[in-house]
Amino acid sequence: QVQLVESGGGLVQAGGSLRLSCAASGSIFSINDMGWARQAPGKPRELVAEVTSGGSSNYADSVKGRFAISRDDAKKTVYLQMNSLKPEDTAVYYCNAQITPTGAGGYFYGYWGQGTQVTVSS
């Protein structure tokens, strides 16, 4: 069984920083793209950042220059470094990954973590 577990959320003042981590575990053959999305109350979930298996990254316009995504394949972990945080960054942050489980015949599936709350006070 494959699981994604996030950590690192919390309460921070505007202008501060947080680092989120998301570790994949279980019977994993390979991991393709990994990323982070967020959902604020009353709003749809939106992509924040993603990183391919080759290391290419992509960001939402609202976080460019402030957030940085990275991955450590040996640890099966993706990170989101969030700097210069704003109150509008307040949301539940979810990690996601395209994972090929062991014995899946090369097919990958999308998995989501349970989410971690990030609250930025003004």
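Values below: every heavy atom of this structure, side chains too, minus hydrogens, waters and symmetry copies.
Closest of all the heavy-atom pairs between A24 and L4 is CB-CD2, 3.5 Å. Of all the heavy atoms in V92 and G115, the pair that sits closest is CG1-CA, 3.8 Å. For C95 against V78, the heavy-atom pair with the smallest separation is CB-CG1, 4.5 Å. Here the closest non-hydrogen pair linking N96 and A37 is ND2-N, 4.3 Å. Minimum interatomic distance between S122 and A14 (heavy atoms only, all atoms of both residues): CA-CB, 4.4 Å. Closest non-hydrogen pair, R38 versus Y93, comes out as NH1-OH, 2.9 Å.
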Worked check of side-chain contact (heavy atoms from CB on, under 4.5 Å) between Q1 and S27: CA-CA 6 Å; Q1 184 177 355; S27 299; over 6 Å; no
Evaluation steps, side-chain contact (heavy atoms from CB on, under 4.5 Å), between T102 and I28: CA-CA 5 Å; T102 302; I28 295 172; 5.5 Å; no
Test log, rule salt bridge (charged side-chain N to carboxylate O under 4.0 Å, His left out), inputs R71 and D73: CA-CA 6 Å; R71 60 190 286 169; D73 289 334; 2.8 Å; yes
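Using a distance-only test at 3.5 Å, with no hydrogens or angles considered, no donor-acceptor pair links the side chain of T90 to the main chain of E88. Put simply, the side chain of E6 gets close to the backbone of Q114: a donor and an acceptor are under 3.5 Å apart.
Residues T100 and Y107 have side chains not in contact (no heavy-atom distance under 4.5 Å, counting atoms from C-beta outward). Side-chain contact between Y59 and E50 is absent, with no heavy atoms from C-beta onward closer than 4.5 Å. Q98 places none of its side-chain heavy atoms less than 4.5 Å from the side chain of I31. Considering only heavy atoms from C-beta on, R66 comes within 4.5 Å of K86 through its side chain. Counting only heavy atoms from C-beta outward, the side chains of F67 and D89 approach each other to under 4.5 Å. Between Y109 and P101, some side-chain heavy-atom pair lies under the 4.5 Å cut-off. Two residues are said to be in side-chain contact when any heavy atoms from C-beta on lie closer than 4.5 Å; V118 and L20 meet this criterion.
The CE atom of M34 sits 10.0 Å away from atom CG of D72, with the distance rounded to the nearest 0.5 Å. Separation of atoms OG1 (T116) and CG (L80) is listed at 11.0 Å; rounding is to 0.5 Å. With values rounded to the nearest 0.5 angstrom, S57 atom OG is found 7.5 Å from I69 atom CD1. Here OG of S21 is found 9.5 Å from CD of Q81. Values are rounded to the nearest 0.5 Å. If you take CG on D33 and OG on S56, they are separated by 9.5 Å, rounding to the nearest 0.5 Å.
Checked for salt-bridge contact, D61 and K64 meet the test: a charged N lies under 4.0 Å from a carboxylate O.
S53 and N32 are not linked by any side-chain donor-acceptor pair at a separation below 3.5 angstrom, with hydrogens and angles left out of the test.
Stacking of R19 on the aromatic ring of Y79 is recorded, both the 6.0 Å distance cut-off and the 45° axial limit being met. A cation-pi contact links R45 to Y94, judged by a cut-off of 6.0 Å to the six-membered ring centre and 45° from its axis.
Residue F108 places its CZ atom among 12 or fewer non-hydrogen atoms of other residues, nucleotides or ligands, all under 6.0 Å distant.
A single hydrophobic cluster is seen to contain both V12 and M82, as judged by linkage of ILVMFWY side chains at heavy-atom distances under 4.5 Å, directly or through other members.
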